[in-house]
Number of protein chains: 2
Amino acid sequence: MTNGKRERSQRTRAAILQAARERFAADGFERTTIRAVAADAEIDPSMVMRYFGSKRGLFAAAADFDLALPDLSRVPSDELGAAVVDHFLTRWEGEPTDDSLRVLLASAATNAAAAAQMQEIFRAQLAPVVAAAGPHDPPTAATRAGLVATQMLGLALCRYVLRLSPVVDLDRDAVVHWLGPVIQRYLTEPSG
Amino acid sequence: MTNGKRERSQRTRAAILQAARERFAADGFERTTIRAVAADAEIDPSMVMRYFGSKRGLFAAAADFDLALPDLSRVPSDELGAAVVDHFLTRWEGEPTDDSLRVLLASAATNAAAAAQMQEIFRAQLAPVVAAAGPHDPPTAATRAGLVATQMLGLALCRYVLRLSPVVDLDRDAVVHWLGPVIQRYLTEPSG
DNA sequence: CGCCCAAGTCAACAGCTGTTGGCTAATCTC
DNA sequence: GAGATTAGCCAACAGCTGTTGACTTGGGCG
């Protein structure tokens, strides 16, 4: 066949990872079973162990993602809030859909390792961008990043996980209209 | 002994419920085992079944709670936001501590029944209060309630579940200072 | 006292879990 | 082509899970 051994290996590895992302996002860490992931990927459960070592290893691989935040120092300072909200919506609802955030959100609530991973992502990815965007006031930068996290993760929680209908029904423009000024304030308002 | 039979029954029932609340809040629905709850309550696992029928029944009893929202129509309209934020903080951090919200938050992410229960609580308890507090504009009342939920549940998620350090480090006054105006806006800003 | 009901215990069930080791067969390397 | 390497499958393990039923104990009440 045209399939080399290496190519075949990479393909099944990718299939496992995709199935794992969907399962973890839908069911969380505990309820996701290796057997179910393997069934979705149409391979044997033992293959998951071969490729990822353990369930934790599989989760770490599935939940490792990049917020891909843009450089906010190039955005006009009065459009920062709208830009951030718009970026997150694109990240979560664009094509191709990346379930990683939902994976973490659904698992971090009940799994210490997942919570730690979430902390690390926001510390390493969100905090520096916020620091670069806002007033040059290092002590408050971490606080500002934390506040942004409360609103954006709260949105993700209500919209994608809890599926509260008034929040699900908001269209993109409405979300930007309502949350944009909030994020703007968290980023730029003097700490008083 | 001084213990009547009825009194003893009520006491063990309460002990089971308290142990269940702590376990569910700490570990979520899936990782909480009936055996662990029974051990905490110092009784036999089968007693849990006797009193609550099933694990789901136990969860429903542990997660059934009252937001105890005050009547916002008596609060000066420019203090609405601060009053709401302050109320939630008191509810979550006051004495005696009520773990119910954490129970739901930790479980709703991975359990459809818990998510439904969360939806119901916000529909039945938060939405009407928001409707009574804001402008008399029924179509937007549900939206306003949803927006309030995104910010307040996001706060709870980051502060109590994920334990993001910048959010945990905020004291009460700082939380009110930052979130108060946000909630105020969600409650009263014209929908334009 | 003597009956009765309910609180509580004990042991077991059937099922599912993550994980392991041995096996086959197909591919790569020389 | 011979031999090593590796993807993949199968069967099994030890442990834990929610749940059940039979059994024992002790208070409530006539």
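In what follows, chains are A, B, ... by sequence order, proteins preceding strands, each numbered from 1.
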Please check if the side chain of [X] supplies one atom and the backbone of [Y] the other of a donor-acceptor pair under 3.5 Å.
X         : Y         : result
Arg102(B) : Trp92(B)  : yes
Arg91(A)  : Leu67(A)  : yes
Gln119(A) : Leu164(B) : no
Glu30(B)  : Ser107(B) : no
Thr32(B)  : Arg23(B)  : yes

Base dG8(D) paired with Arg50(A) side chain (donor-acceptor, <3.5 Å): yes
Return the nearest nucleotide to the side chain of [X]; candidates are [options].
X        : options                   : answer
Met47(B) : dT19(D), dG8(C), dG8(D)   : dG8(C)
Lys55(A) : dT20(D), dG18(C), dT9(C)  : dG18(C)
Thr33(B) : dC9(D), dG18(C), dG18(D)  : dG18(D)
Arg35(A) : dT17(C), dC10(C), dG18(D) : dT17(C)

To the nearest Å, how far apart are [X] [atom1] and [N] [atom2]?
X        : N       : atom1 : atom2 : value
Leu58(A) : dT17(C) : CG    : P     : 15 Å
Asp27(B) : dT17(D) : CG    : C1'   : 15 Å
Gln10(B) : dG8(C)  : CD    : P     : 12 Å
Arg31(A) : dC16(C) : CZ    : P     : 15 Å
Met49(A) : dA12(D) : CE    : C1'   : 15 Å
Phe29(A) : dG18(C) : CZ    : C1'   : 10 Å
Tyr51(B) : dG18(D) : OH    : C1'   : 19 Å
Asp44(B) : dG18(D) : CG    : P     : 13 Å

Touch class at under 4.0 angstrom, heavy-atom based, for Ser46(B) against every strand present: base
Sugar-phosphate, base or nothing in reach of Arg6(A), heavy atoms under 4.0 Å: nothing
Helix axis bend for the helix from dC1(C)-dG30(D) to dT27(C)-dA4(D) - C1'-based end axes, five pairs, 10° rounding: 10°
Closest-nucleotide 5' rank along DNA chain D - winner of Pro45(B) and Glu42(A): Glu42(A)
Residue-phosphate contact under 4.0 Å: Thr12(A) side-chain N/O, dG8(D) OP1/OP2: yes
Residue-phosphate contact under 4.0 Å: Ser9(B) side-chain N/O, dA7(C) OP1/OP2: yes
Test side-chain hydrogen bond (donor to acceptor under 3.5 Å, both in side chains) applied to Glu93(A) - qualifying residues, sequence neighbours left out: Arg159(A), Tyr160(A)
Qualifying residues under side-chain hydrogen bond (donor to acceptor under 3.5 Å, both in side chains), relative to Ser165(A), sequence neighbours excluded: none
Donor on one side chain, acceptor on other, Tyr51(B) and Thr12(B), under 3.5 Å: yes
